[in-house]
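What follows is a short report on a single structure.
Quick note on labels: first sequence line is chain A, next is B, and so on, each numbered from 1.
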Amino acid sequence: MIFVPRKEFTHKIENVSRRGLLKGLGIGGGLVVMARLMPSGALAADMHEKYDTGATGMPHGTVNDPHVFIAIAPNGTVTIVAARAEMGTGAARTSLPMIIAEELDADWSRVKIVQGPGDEPRYGNQDTDGSRSVRHFLQPMRQCGAAMRLMLEMAAAKHWGVDVSQVHASNHEIVNAANGKKLGYGDVAAAASAMPMPAVDKLTFKDPANYRYIGKGNVSIVDLHDITVGKAHYGGDHRLPGQVFAVIARPPVTGGKLVSFDATEAKKVPGVIKVMEAQGWQPPGTKFAPLGGVAVIAKSTGAAIKGRDALKIVWDDGPNKDFDSVAYRTQLEDAVKAPGEVVRNEGDVDAAFKSAAKVVTRDYYTAAFVHTPMEPPVALAHVAGGKAEIWAPVQSPWGTREDIAKLLDLPVDKVRVNTMLLGGGFGRKSKCDYAQEAALLSKALGVPVQVQWTREDDVRHSFNHGENAQRIEAAVDANNKVVGWRHRSAAPSILSTFKKGVDHQFAIEVSMGLVDVPFAIPNIRCETGAAVAHSRIGWFRSVRNIPHGFAIQSFVAEMAHELGKDPKDMLLELIGPPRIVDPRTQIAKDMFWDYGEPWDSYPIDAGRLRGVAELAAEKAGWGKTLPPGHGMGIAAHRSFVTYVATVVQVAVDDKGNITVPQVDYAIDCGFHVNPERIMSQCEGGSVMGMTLAKYSAITFKNGRVQQGNFDDYQMLRINESPKVTNVHIVPATYDVHASGVGEPPIPPFAPALCNAIFAATGKRVRNLPIADQLKT
Amino acid sequence: MITLRVNGQEHTTSADPSLPLLWFLRDELNLTGTKFGCGEALCGACTVHIDGEAVRSCGIVLSDVSGKSVVTIEGLDAHGDHPVQKAWRAVNVPQCGYCQAGQIMQASALLAKNPKPSDSEIDEAMSGNICRCGCYQRIHTAVRLAATGV
Ligand code: FES
Ligand code: FES
């Protein structure tokens, strides 16, 4: 979901290294690669207005060179490279290649996708995170496709001896307007390779009226067939001759380390080959380094697990040995009762509260939780002969490559990282500790080693979404208007994973729903409370937007109740009239982050937030009479520069069991490529949102995570899932800049659900998960 | 020595009789279509058919399947065109896809026994299979489609 602070932020799209000589895509064989070197910045022109994105601030920016991404074989097969990681959104392997195919005017049924390895200097940024794939790569992928189309046209024109203006590429053919003759893309592929690069102003883009794929939702994900027949290859599915299988017993307390172990019984387990110490590092501040412990190497993962169960280990639990979630909660809740570090200050908040006719104060708490992608972390490594090769489901293949190179003290060009399909990521697989573990073991043993995390490993040794205590206070004047807003948030920071001594949230966290609150209130103050991390803290799909969105959108409905207003009307009143909300001058220095985007391309637009709230309400039938025991709740939240509103209808029975007959999502993510996958992301957001609201909590006692598997860390199942999730996508033209989709469906779900529960029962849930708070 | 059939082929193995079937399939036979999700029969990712019944392969050991016939996702249909597989594609069910082999094996076992399940029978039968990506609405639609053609 985010970023990793890196120093190479100075890379620009223009600085991307160009290769003087093309040697093919470097992946499959037998491809004819087209054309030659492209001069720097050659593809800047755009018949649609070009706009800046945060891509230029990402390591290695973007690449718009068609030679890097497209190859056309003599038989016309177009091969497109997917360079980013595919974890289920469809963006990496379907939507981005679709953009190329659209502008190339290729026939999608003749397009093949190959996965590129970790190589950012070649492909541009590959850190698949932060809902950035389409947002950052829409423009360069269009440019790639359009440039390749023009080169094909130039080659055909030369073949016929006519001016290029006389030929026209359409659906895998080039047509000669003078005589109607046609050439296939494959026929001119080789000739096109001799063409000079098109001049900048020669590039044209398709009229959206002629789109065949973009915006249509008529393309299935490219791996669909393989998935249904068991042939899709995920992280643990690659096999090498001589490979062995490993699991690791890690320190049960974060910051602990190994004292000694007795492997006598473990070695007796059939199939166990070896038991050895695994090197580790103690957080905080250790980034994605392995935790270390004891590794059991075996002929199968099953044997390794059995061997691990038989180990006797003595640990030094270290400084977090007494960490306890109950006491920690009190600490965080105390922190938000007192003034904290001011991160936004607008107007005169103290005066507003002093002169208020009424002050409303509410406290919210959300537990820690973890990602549990269906595929637990897993990686295969082969380190030998001064080289390392990794096969792993990683969100950041290049980041993994750099980390492995550093870990093994190898030059980065001696490391190859093959990006496998991810069986879910959600931010967990942005952290490549599992690949590092496999690399260390393979180096020690000299054979390929696959490290498999069990589900218990995943639940207990993750990079947690941290606990969050919040207090929101509103000052209301004599006219029932909210005139003052004070919001405090205390949570352990992600930054603690990258450095020591961190005790407050940093810019990226406070800009996820705290300081960017888009309300039309004249006096606003936001503060953070102190919180020190006692476990590894990471980012989870939509990150701090989850707790901040929960507190704010619950509070809006609470204010509606206090002031006798309809919750939707209250929400619209607080959002205020359509306008650009610019809080930047009110926010503390270096504390604002607009998801890495340039403000002018992606300002905070209150009109769009209103728009989704109104659309979701209308589609859900807001205000209609519901059966007894039913209620409707609404929430709207901007995250990853996308606007989402959710209306949940809930039914609560007399035992406190909740069912959700209908959910309506309205999403405004600007210009969109693949509406079918936007729908699937919202449908999935509905399920994940309800899992978070209903169940998600990991708790610590004596420094140890108390949960381990899906019996005590529960996931929503089909029989308790929302029955129907309707998705309404706000139509948009290209000038409404494409924004994120993967994460934004999550934040509004829990508050919409809890607001619905209040409407149904009069019970207000201020602590997540709901667990059995409603049980009678 | 244990002998069993997997996807119609007979295998005799000297592997540890207490090894869960899942790991025999994945690590010995390289049939990686069957997935590991929990190891405790809690998620359904590892579902296979044993003599026609949907079984969690993580929760059954080799000695228990001696002489039995195991079908994995790779062997469900020679052309990958089992009605459930076709329905899954028609509805575009998967997101990441990792849980889907287990979902398909569970759904196909359900329909073999109960060709026209009710909505609640579908939910009941599929409730042991977790999908973290949250494809449940489409899973339900696809099972119904495979059963009824609509
Ligand atoms: S892996 Fe067997 S049920 Fe989860
Ligand atoms: S599709 Fe990802 S877990 Fe089901």
Identify the heavy atoms of [X] and [Y] that sit nearest to each other, and give their distance.
X: B:Glu74; Y: A:Gly230; result: OE2-O, 4.0 Å
X: A:Trp453; Y: B:Phe36; result: O-CE2, 3.4 Å
X: B:Cys133; Y: A:Phe426; result: SG-CZ, 4.0 Å
X: A:Val229; Y: B:Ile73; result: C-CG1, 3.7 Å
X: B:Gly37; Y: A:Pro376; result: O-CG, 4.2 Å
X: A:Leu224; Y: B:Pro94; result: CD1-CD, 3.4 Å

Of the backbone (N, CA, C, O) and the side chain (C-beta and beyond), which part of [X] lies under 4.5 Å from a heavy atom of chain A, both, or neither?
X: B:Ile130; result: both
X: B:Asn129; result: backbone
X: B:Cys38; result: both

Regarding B:Arg89 and A:Thr228, is there a side-chain donor-to-acceptor distance under 3.5 Å anywhere? yes
Sequence neighbours left out, what passes salt bridge (Lys or Arg N to Asp or Glu O under 4.0 Å) with A:Asp309? Give chain and number order. none
Please check if the side chain of [X] supplies one atom and the backbone of [Y] the other of a donor-acceptor pair under 3.5 Å.
X: A:Arg717; Y: B:Ser127; answer: yes
X: B:Arg138; Y: A:Glu683; answer: no
X: B:Arg26; Y: A:Ser300; answer: no

Which one, [options], leads in non-hydrogen pairs under 4.5 Å with chain B?
options: A:Val269, A:Thr89, A:Leu716, A:Leu421; result: A:Leu716
options: A:Lys231, A:Met690, A:Lys723; result: A:Lys723
options: A:His233, A:Gln681, A:His371; result: A:His371
options: A:Ser721, A:Ser686, A:Pro373, A:Pro722; result: A:Ser721
options: A:Gly684, A:Ala232, A:Gly424; result: A:Gly684
options: A:Thr725, A:Val687, A:Thr301, A:Asn719; result: A:Thr301

Could you check whether A:Glu375 pairs with B:Lys35 (Lys NZ or Arg NE/NH1/NH2 to Asp/Glu carboxylate O, under 4.0 Å)? no
Validation row: B:Cys131, A:Met715 side chains within 4.5 angstrom (heavy atoms): no
Heavy-atom count around [X] [atom1] within 6.0 Å, excluding the residue itself: above 12?
X: A:Lys216; atom1: NZ; value: yes
X: A:Lys694; atom1: NZ; value: yes
X: B:Glu121; atom1: CD; value: yes

Where on [X] is there a heavy atom nearer than 4.5 Å to chain B: the side chain, the backbone, both, or neither?
X: A:Glu720; result: neither
X: A:Phe245; result: side chain
X: A:Gln452; result: side chain

Can you tell me how far [atom2] of [Y] sits from [atom1] of [X], rounded to the nearest 0.5 angstrom?
X: A:Arg677; Y: B:Asn92; atom1: CZ; atom2: CG; value: 5.5 Å
X: B:Cys43; Y: A:Asp711; atom1: SG; atom2: CG; value: 11.5 Å
X: B:Gln137; Y: A:Ile718; atom1: CD; atom2: CD1; value: 10.0 Å

How far apart are the C-alpha atoms of B:Asp27 and A:Lys299, what are their side-chain angles, what is the distance that settles it, and do they pass the side-chain contact (heavy atoms from CB on, under 4.5 Å) test? CA-CA 8 Å; B:Asp27 298 349; A:Lys299 283 182 3 198; over 6 Å; no
Please report the C-alpha distance between B:Cys99 and A:Met374 in whole Å, then the side-chain angles of each, then the deciding distance to 0.1 Å, and finally whether the side-chain contact (heavy atoms from CB on, under 4.5 Å) criterion is met. CA-CA 7 Å; B:Cys99 72; A:Met374 277 320 289; 4.3 Å; yes
Pair A:Leu422-B:Tyr98, side-chain contact (heavy atoms from CB on, under 4.5 Å): steps then yes or no: CA-CA 8 Å; A:Leu422 279 69; B:Tyr98 189 81; over 6 Å; no
With sequence neighbours excluded, tell me which residues meet side-chain hydrogen bond (donor to acceptor under 3.5 Å, both in side chains) with A:Gln450. A:Arg239, A:Gln243
Please determine whether salt bridge (Lys or Arg N to Asp or Glu O under 4.0 Å) holds for the pair A:Arg455 and B:Glu40, giving the CA-CA distance in whole Å, both sets of side-chain angles, and the decisive distance to 0.1 Å. CA-CA 9 Å; A:Arg455 182 58 62 193; B:Glu40 297 286 342; over 6 Å; no
